[in-house]
Amino acid sequence: MSDSFLLSAIIFAPTLGAILLSFFPKEAEEGMRVFTLFVTGVTFVLTLFLLNAFDPAIGEMQMQVNKTWIGAWNINYQLGIDGISMPLVLLTSFISVLAMLASWSIKKQVKGYLILFLLLETGMLGVFMALDFFLFYVFWEVMLLPMYFLIGVWGGPRREYAAIKFFLYTLFGGVLMFIAMLMFYFGSAAGGDASTFDILRLHEIGQGKIAGIEFDGTMQLIAFWLLFVGFAIKVPTIPFHTWLPDAHVEAPTPISMILAGVLLKMGGYGILRIAFPICPEGAQVAAYVLVLIGAGSIIYGAFAAMAQTDFKRLVAYSSVSHMGYVILGIAVWKITDGTTIGKDYWNMGINGAMFQMIGHGVSSAGMFFMVGVIYDRVHHRDLNKFGGLMALMPLYGGLAAGIFFAGLGLPGLCGFPGEVFTVLSAWNFSPLIAIIAAAGVILTAGYILWAIQRVYLGPEYKGPHAEEITPMNGREISVAVTLLVFAIVLGVYPESIFGLMRSSTTLLVDNLSATAQSSVEAVTQLIK
């Protein structure tokens with residue numbers, strides 16, 4: 001199987017499935033669900049083939065595909081995979097299978113829902129493998145419309161408001177990204193070289209590796225902030241987070257799983273793949289602000305979660321807090337006179353941020369699924385009316401406790417390695433910032449344990465539809481058990497993820513550190 005075919009098959013298998021779904025008769029709902037599950041399963045198997053062909057010892061981009069797409073504008077169909085994108089591709093296909101299993105609860109307009117679900121998966125996978133900025137942008141925007149309709153049609157009572165808010169925020173971020181993309185495109189031409197959207201070549205130009213072409217410091221700073229705001233909206237960090245709680249609360253359970261498990265990770269990925277490598281000088285200047293934004297998100301998200309009475313909104317704000325660790329780990333780039341201070345600590349921070357994205361992808365998808373299981377029965381999420389579910393649904397209570405403990409960051413579960421390495425790396429940047437980030441762990445324990453107490457261990461259930469509280473069915477058990485097993489595996493053996501990404505993150509840190517040093521040397525030489 002050629003690299004070109006494998007990468008393209010992973011991206012477009014869901015699209016092919018969506019096309020075939022359009023030929024199914026409308027009343028064949030069960031058949032369409034099974035077929036869509038089959039398509040997501042095939043896509044996941046293809047990503048396992050990709051994992052088998054991937055060499056984690058190589059830090060550079062592997063299995064590259066580069067075909068002319070729009071020749072007049074030097075736009076290519078360019079794909080590739082490295083240690084930063086490989087874990088996220090696996091996460092995307094994995095969560096998509098489980099979210100599809102959770103989609104059996106969708107009862108209206110099933111055909112339209114499933115087609116949009118598969119198109120969304122294509123957009124997500126394309127973002128993580130695209131190496132042409134224009135192609136990256138196309139896949140980024142492809143995700144927008146399916147998610148808009150999945151929230152706006154199949155969501156809760158305020159679904160139109162939540163969908164429009166999501167659309168406007170994401171569209172605004174996309175416009176900023178588009179402006180930065182045009183800056184790079186027209187700035188990449190010099191001498192006989194044509195303008196390019198090639199992300200890897202833009203890396204080299206931004207890092208000063210191509211003689212005669214450069215993005216000056218002012219341009220890099222402007223472009224970096226345009227990119228950062230565009231990606232930070234998706235992460236989301238304060239103050240760009242306000243769309244997230246509404247979107248999560250109104251979205252159906254499987255879409256909340258994808259939104260938290262995968263879509264939020266695209267912001268962190270964009271910062272690592274595009275913003276930092278193309279704009280290292282801008283990243284150097286902005287690092288201090290980014291660290292404050294990350295630490296602020298950790299504390300704000302935790303306090304906001306603690307104040308909620310809606311079970312799903314509590315989990316949504318927990319994502320704001322947990323994704324703050326991602327921004328913090330990426331941004332702890334401490335530079336003095338062009339020298340990266342404690343380069344290994346910054347490398348640890350980026351590895352911690354990457355692991356946090358994977359771990360949070362598993363635990364947050366699990367938490368939203370467990371909220372959805374009880375919501376499907378009692379049709380409310382009021383924490384003040386819950387209680388005693390551990391006695392009424394012991395298996396559900398036990399699985400939920402395990403998954404929520406993973407979100408809490410308990411050692412031995414998937415939430416722990418990313419947080420601890422991020423906090424350790426932050427100490428090198430600023431002990432005060434590290435202490436603030438560590439305090440977030442304590443606050444997280446507070447709202448998670450309080451939620452478990454109120455929902456599962458309280459004296460009795462006080463809400464409506466008590467007669468509908470029945471044991472989990474086989475489909476629900478399979479999703480919950482799978483997520484909990486992977487939460488344990490990642491927590492007990494984090495090397496399964498660190499081993500995939502280490503070579504690529506080390507290469508990224510080395511390149512950016514060398515760029516910072518060379519910039520200072522160039523200025524010093526100029527002064528002399």
Side-chain angles (χ1 to χ4, degrees), residues 18 99 102-103 105-124 126-127 137-179 226-267 270 297 300-301 304-305 308-320 323 364-365 368 371-372 375 379-381:
S103 295
S105 59
I106 302 297
K107 303 298 182 184
K108 72 172 184 177
Q109 301 178 30
V110 174
K111 186 175 185 178
Y113 170 87
L114 296 175
I115 289 174
L116 290 170
F117 183 97
L118 290 174
L119 293 177
L120 178 64
E121 185 177 8
T122 283
M124 295 186 296
V127 163
Y137 185 77
V138 168
F139 282 125
W140 185 277
E141 294 301 309
V142 160
M143 298 181 302
L144 182 57
L145 281 178
M147 183 58 76
Y148 170 78
F149 286 112
L150 287 166
I151 297 173
V153 176
W154 289 272
R158 300 175 71 242
R159 56 185 177 271
E160 293 89 354
Y161 167 77
I164 291 173
K165 195 172 183 180
F166 165 80
F167 186 91
L168 291 177
Y169 267 76
T170 307
L171 185 64
F172 175 70
V175 169
L176 297 182
M177 190 194 312
F178 185 74
I179 294 170
L226 290 172
L227 290 169
F228 177 75
V229 173
F231 293 133
I233 288 172
K234 187 72 80 176
V235 169
T237 65
I238 58 170
F240 314 109
H241 69 286
T242 56
W243 65 270
L244 180 70
D246 293 307
H248 267 316
V249 167
E250 301 304 326
T253 297
I255 302 308
S256 286
M257 292 171 66
I258 287 182
L259 186 58
V262 181
L263 257 68
L264 304 190
K265 313 309 177 280
M266 292 180 178
S297 295
Y300 170 82
Q308 302 307 310
T309 57
D310 183 299
F311 200 3
K312 203 172 187 184
R313 191 173 284 268
L314 179 149
V315 178
Y317 274 109
S318 78
S319 291
V320 176
M323 292 302 290
S364 64
F368 278 111
V371 173
Y375 179 78
H379 306 295
H380 80 90
R381 296 183 297 266

Taking the side chain as everything from C-beta on, heavy atoms only, tell me whether Ser256 gets closer than 4.5 Å to Lys312. yes

Spatial distance of atom OH (Tyr148) from atom CD1 (Ile164) [nearest 0.5 Å]: 4.5 Å

CG-CZ distance between Leu144 and Phe167, expressed to the nearest 0.5 angstrom: 4.5 Å

May I have all residue pairs that pass salt bridge (charged side-chain N to carboxylate O under 4.0 Å, His left out) and include part of residues 147-157, sequence neighbours excluded? none

Measure across Trp154 and Tyr113 and return the closest heavy-atom pair with its distance rounded to 0.1 Å. CZ2-N, 3.3 Å

Work out which heavy atom in Trp243 is nearest to a heavy atom in Lys234; give both atom names and the distance. CZ2-O, 4.1 Å

Distance, nearest 0.5 Å, that separates OG of Ser364 from CG of Leu264: 7.0 Å

Using side chain to side chain donor-acceptor pair (under 3.5 Å) as the criterion, list what pairs up with Thr170, not counting sequence neighbours. none

If we ignore hydrogens and angles and just use 3.5 Å, is the side chain of Ser105 paired with the main-chain N or O of Ala102 as donor and acceptor? yes

Minimal heavy-atom distance between Leu171 and Glu141, with the atoms involved, is CD1-OE1, 4.2 Å

Considering the options Leu118, Val110, Leu116, which one meets the side chain to side chain contact (heavy atoms under 4.5 Å, CB included) requirement together with Leu114? Val110

Could you measure the distance from the CZ atom of Phe149 to the CD atom of Gln109? Nearest 0.5 Å is fine. 11.5 Å

Does the side chain of Tyr375 pick up a donor-acceptor pair with the side chain of Thr253 at under 3.5 Å? no

Sub-3.5 Å donor-acceptor pair from the side chain of Glu121 to the main-chain atoms of Phe117, do we have one? no

Sorted by first residue and then second, give each salt bridge (charged side-chain N to carboxylate O under 4.0 Å, His left out) pair with at least one member in residues 242-255; sequence neighbours left out. Arg158-Asp246, Lys165-Asp246, Asp246-Arg313

Going through the distances and angles, do His248 and Val315 end up as a side-chain contact (heavy atoms from CB on, under 4.5 Å)? CA-CA 9 Å; His248 267 316; Val315 178; over 6 Å; no

Nearest 0.5 Å please: distance from the CE atom of Met143 over to the CG atom of Leu263. 5.0 Å

Would Phe178 and Trp140 count as a close aromatic pair, with their ring centres under 6.0 Å? no

